[in-house]
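Remember, it's 1-based here, ligands and their atoms both numbered in the order they're listed. Along the sequence shown, residues carry numbers from 1.
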Amino acid sequence: MSQIQVIKLNFKDKDFLKIKIIRKSIFADELGISESELFDKFDEFCDHFLIFDGKNVVGSVRFVLSGESLKLERMGILQEFRTKNYGRDCIVQLKEFYSALGYTQIFLDSIYSVRNFYKKCGFLEKGEIFQRVGIDHIRMSLTL
Ligand SMILES: CC(C)(COP(=O)(O)OP(=O)(O)OC[C@H]1O[C@@H](n2cnc3c(N)ncnc32)[C@H](O)[C@@H]1OP(=O)(O)O)[C@@H](O)C(=O)NCCC(=O)NCCS
């Protein structure tokens, strides 16, 4: 297990600027997604997390809460910090966090080419491939 800390914040925290920078770097500059798709109304009330390796902010993720379910979105680890288990360890920590709060399921829409990462975190594919922002996606879920 890597030594990462997952720090919860909300839209009004000044550190939300760091999430803006991470999303732009990963989803717009790297993946070519339009900047208009990076932020939406859910940002104002969902849970945001910064992922910190003890020295650097290495990524971020958000969870949109709906009933007993949670939707994981905008998961990203900055390129230079990938394949160090930071992504998986972040999900392990957040599974424990939300399970303790009584949530029973996490779902997400994975970029299709990334689905094996989520499988390694325990998610299962559900349904058919679909397109969003011009990229193939697939729904996945995990029971807590
Ligand atoms: C997907 C992402 C979050 C993975 O983060 P990471 O910290 O590099 O992943 P980890 O090091 O924790 O990897 C855990 C396991 O998943 C595998 N894995 C990581 N990225 C993968 C990918 N893109 N495709 C398939 N498997 C992947 C690793 O090889 C590792 O497997 P192992 O246990 O057999 O060694 C990161 O690559 C990323 O930010 N990508 C760009 C943004 C993106 O696509 N986000 C998802 C949007 S749905």
Flag [X] as yes when one of its N or O atoms lies below 3.5 Å from any N or O atom of ligand 1, and as no otherwise.
X	value
Tyr118	no
Ile111	no
Asn116	no
Met75	yes
Asp109	no

For this session: Quick one: closest heavy-atom pair of Ser60 and Ile19, and the distance?
Result: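 Looking at all heavy atoms of both residues, the closest pair is CB-CG1, 4.0 Å.
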Which protein heavy atom lies closest to [atom], and at what distance to 0.1 Å?
atom	value
atom 21 (C) of ligand 1	Phe117 CB, 3.7 Å
atom 11 (O) of ligand 1	Asn85 N, 2.8 Å
atom 37 (O) of ligand 1	Arg82 CD, 3.2 Å
atom 42 (C) of ligand 1	Ile26 CG2, 3.5 Å
atom 24 (N) of ligand 1	Ser113 O, 3.8 Å
atom 1 (C) of ligand 1	Val114 CG1, 3.4 Å
atom 6 (P) of ligand 1	Thr83 N, 3.8 Å
atom 5 (O) of ligand 1	Ile77 CG1, 3.6 Å

Exercise. Counting heavy atoms only, which part of Lys84 comes closer than 4.0 Å to ligand 1: side chain, backbone, both or neither?
Worked result: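 It is the backbone that touches ligand 1; the side chain stays farther off.
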For this session: Report, as yes or no, whether the 6.0 Å neighbourhood of atom NZ on Lys20 holds more than 12 heavy atoms from other residues, nucleotides or ligands.
Result: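 Counting neighbours around NZ of Lys20, 12 or fewer heavy atoms of other residues, nucleotides or ligands fall under 6.0 Å, so no.
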Exercise. When you check the side-chain N and O atoms of Gln131 and Asp136, is any donor under 3.5 Å from an acceptor?
Worked result: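 Side-chain D/A pair, Gln131 to Asp136: present.
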Is there a donor-acceptor pair closer than 3.5 Å between any side-chain N or O of [X] and the backbone N or O of [Y]?
X	Y	answer
Asp13	Phe16	no
Arg62	His48	no
Gln93	Ile4	yes

Below 4.0 angstrom, N of the basic side chain to O of the carboxylate: do [X] and [Y] qualify?
X	Y	value
Arg74	Asp40	yes
Glu37	Lys24	no
Asp109	Arg132	yes

For this session: List the steps and the verdict of salt bridge (Lys or Arg N to Asp or Glu O under 4.0 Å) for Glu125 and Lys119.
Result: CA-CA 8 Å; Glu125 292 182 30; Lys119 282 186 189 171; 2.8 Å; yes
Could you tell me which atoms of ligand 1, counted from 1 in the order shown, lie closer than 4.0 angstrom to a heavy atom of [X]?
X	value
Gly76	39 (O)
Tyr86	7 (O), 12 (O)
Ser110	48 (S)

Exercise. Centre of Tyr112's six-membered ring, under 6.0 Å away, within 45 degrees of the axis: is that where NZ or CZ of Arg115 sits?
Worked result: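 Yes, Arg115 and Tyr112 form such a contact.
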Exercise. Among Gln79, Lys120, Glu30, Arg132, which residue places a heavy atom closest to atom 32 (P) of ligand 1?
Worked result: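 Selected option, by shortest heavy-atom distance: Lys120.
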Exercise. Any protein heavy atom under 4.0 Å from atom 28 (C) of ligand 1?
Worked result: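 There is no protein heavy atom less than 4.0 Å from atom 28 (C) of ligand 1.
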Problem set entry | Candidate pair Arg23 and Asp43, rule salt bridge (Lys or Arg N to Asp or Glu O under 4.0 Å), full reasoning | CA-CA 12 Å; Arg23 281 195 204 164; Asp43 282 315; 2.9 Å; yes
